[in-house]
Number of protein chains: 2
Amino acid sequence: MKPIDAFSRLTQALKVLPNVGPKSAQRMAYQLLQHKRDGAEELLAALQQALLQVRHCQQCNTFCEGDLCHVCADETRAQTRLMIVHMPADVASMETANCHDGLYFVLMGQVNPAQGMDLSHIALEKLVARLQNSAVEEIIIATNFTAEGDATAYVLAELFKNLPYRVSRLARGMPLGGELEYVDAGTLAQAVYERRQLK
Amino acid sequence: MKPIDAFSRLTQALKVLPNVGPKSAQRMAYQLLQHKRDGAEELLAALQQALLQVRHCQQCNTFCEGDLCHVCADETRAQTRLMIVHMPADVASMETANCHDGLYFVLMGQVNPAQGMDLSHIALEKLVARLQNSAVEEIIIATNFTAEGDATAYVLAELFKNLPYRVSRLARGMPLGGELEYVDAGTLAQAVYERRQLK
Ligand SMILES: [Zn+2]
Ligand SMILES: [Zn+2]
């Protein structure tokens with residue numbers, strides 16, 4: 001059997017990207033090799049560096065290259081207030097909104113209620129370890145207002161039920177079905193300000 | 001100034017892909033590093049191999065790894081009939097339709113009439129060189145039925161006007177605005193069968 005050619009292999013490999021089917025993968029491979037050689041070389045170098053260097057912050061679990069991310073390393077942040085989000089992009093959105101002076105924890109996933117509330121996609125064990133012997137007093141659940149975000153918030157609220165934290169969730173100032181990543185800074189700030197006490 | 005971190009660099013680099021803006025680039029980088037490490041490693045290897053090995057067929061200009069692609073290397077193909085297409089994906093579509101027994105020439109681009117009919121994106125010089133001292137008698141223009149495809153067909157028809165080839169274009173059996181890549185095999189076969197004589 002003839003081995004797969006380099007162009008087909010690249011097309012195949014590009015399908016790992018979210019929302020990329022066979023046709024767009026083929027277009028991407030064509031663009032990279034025909035019109036964007038420089039960009040393709042940079043993508044190669046960036047992917048190589050990222051795969052080698054990107055790890056998880058030991059404290060908040062976001063992507064970072066050292067042991068601690070720059071937020072966790074910043075001692076001026078309020079150590080008593082912890083905001084829990086889905087993804088690194090949510091931290092970036094929140095920092096842009098400039099309305100949270102505490103720390104973060106990044107779950108790196110969501111609970112999918114349509115798939116039996118499987119908890120393996122969220123870093124619950126790391127979160128529990130993070131809270132042990134910590135200065136945290138208040139927890140702000142900042143998951144998305146989607147089915148997955150609601151399910152994740154539910155799981156978190158259950159987890160904290162008998163623990164001595166004040167727990168709140170972002171106010172529903174965000175549009176229904178909205179995702180943190182896509183909301184403007186003002187709406188985000190409003191949602192943090194009006195956060196709803198859960199217990 | 002702090003150098004750009006590896007995650008941001010990857011996000012930035014992914015924007016080289018067609019139709020990928022800042023937000024989807026961020027999602028892609030997150031997926032690659034968090035949930036698809038194996039796929040990301042394979043993408044890295046595939047991109048590296050493709051950038052190293054993929055060149056252009058010396059005869060038809062499509063992507064290939066040797067001097068000649070497998071179509072050009074096949075001596076049973078009709079050497080007198082040359083079909084001109086935009087992209088390698090068009091060759092693949094045409095081969096699947098199994099309605100052309102001749103050879104191909106791949107322009108690797110289109111003429112954009114909205115940008116002053118710039119010819120630098122299509123491999124006209126290679127095409128002229130290909131035809132010199134060749135056995136080609138008949139040329140089938142198989143460009144898309146879009147503004148760019150029509151403009152490219154016009155440029156080609158002008159080029160061949162005083163040259164001793166029979167020249168035709170695919171029949172307009174394809175839906176208006178349709179692109180070769182997305183049309184089913186039967187429609188393609190019909191369009192080849194009813195190709196319209198241009199001179
Ligand atoms: Zn951190
Ligand atoms: Zn060839």
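Below, chains carry the letters A, B, ... as their sequence lines are ordered, and counting in each starts from 1. Keep in mind that the numbers below use all heavy atoms, side chains included, and drop hydrogens, waters and symmetry copies.
- Using a 4.5 Å cut-off between heavy atoms, A:Gln48 touches chain B through backbone and side chain atoms alike.
- The two residues B:Ala46 and A:Ala13 make their nearest non-hydrogen contact at CB-CB, 3.7 Å.
- Across all their heavy atoms, B:Leu44 and A:Leu51 have their closest contact at CD2-CD1, 4.2 Å.
- Of residues 14-38 of chain A, those residues lying under 4.5 Å from chain B by any heavy-atom pair are A:Leu14, A:Val16, A:Leu17, A:Pro18, A:Val20, A:Lys23, A:Gln26, A:Arg27, A:Met28, A:Tyr30, A:Gln31, A:Leu32, A:Leu33, A:Gln34, A:His35, A:Lys36, A:Arg37.
- Closest of all the heavy-atom pairs between A:Leu47 and B:Ala40 is CD2-O, 3.7 Å.
- Separation of atoms CD (A:Gln12) and CG (B:Leu43) is listed at 11.5 Å; rounding is to 0.5 Å.
- At a 4.5 Å heavy-atom cutoff, the contact between B:Phe63 and chain A is made by side-chain atoms alone.
- By the criterion of side-chain heavy atoms lying less than 4.5 angstrom apart, applied directly or through intervening Ile, Leu, Val, Met, Phe, Trp or Tyr residues, B:Phe7 is not grouped with A:Leu68; the two fall into different hydrophobic clusters.
- For A:Glu41, the parts sitting under 4.5 Å from any heavy atom of chain B are the backbone and the side chain alike.
- Within residues 115-136 of chain B, no residue has any heavy atom under 4.5 Å from a heavy atom of chain A.
- Listed for the B:Glu65 side chain is no donor-acceptor partner under 3.5 Å among the backbone atoms of A:Asp5.
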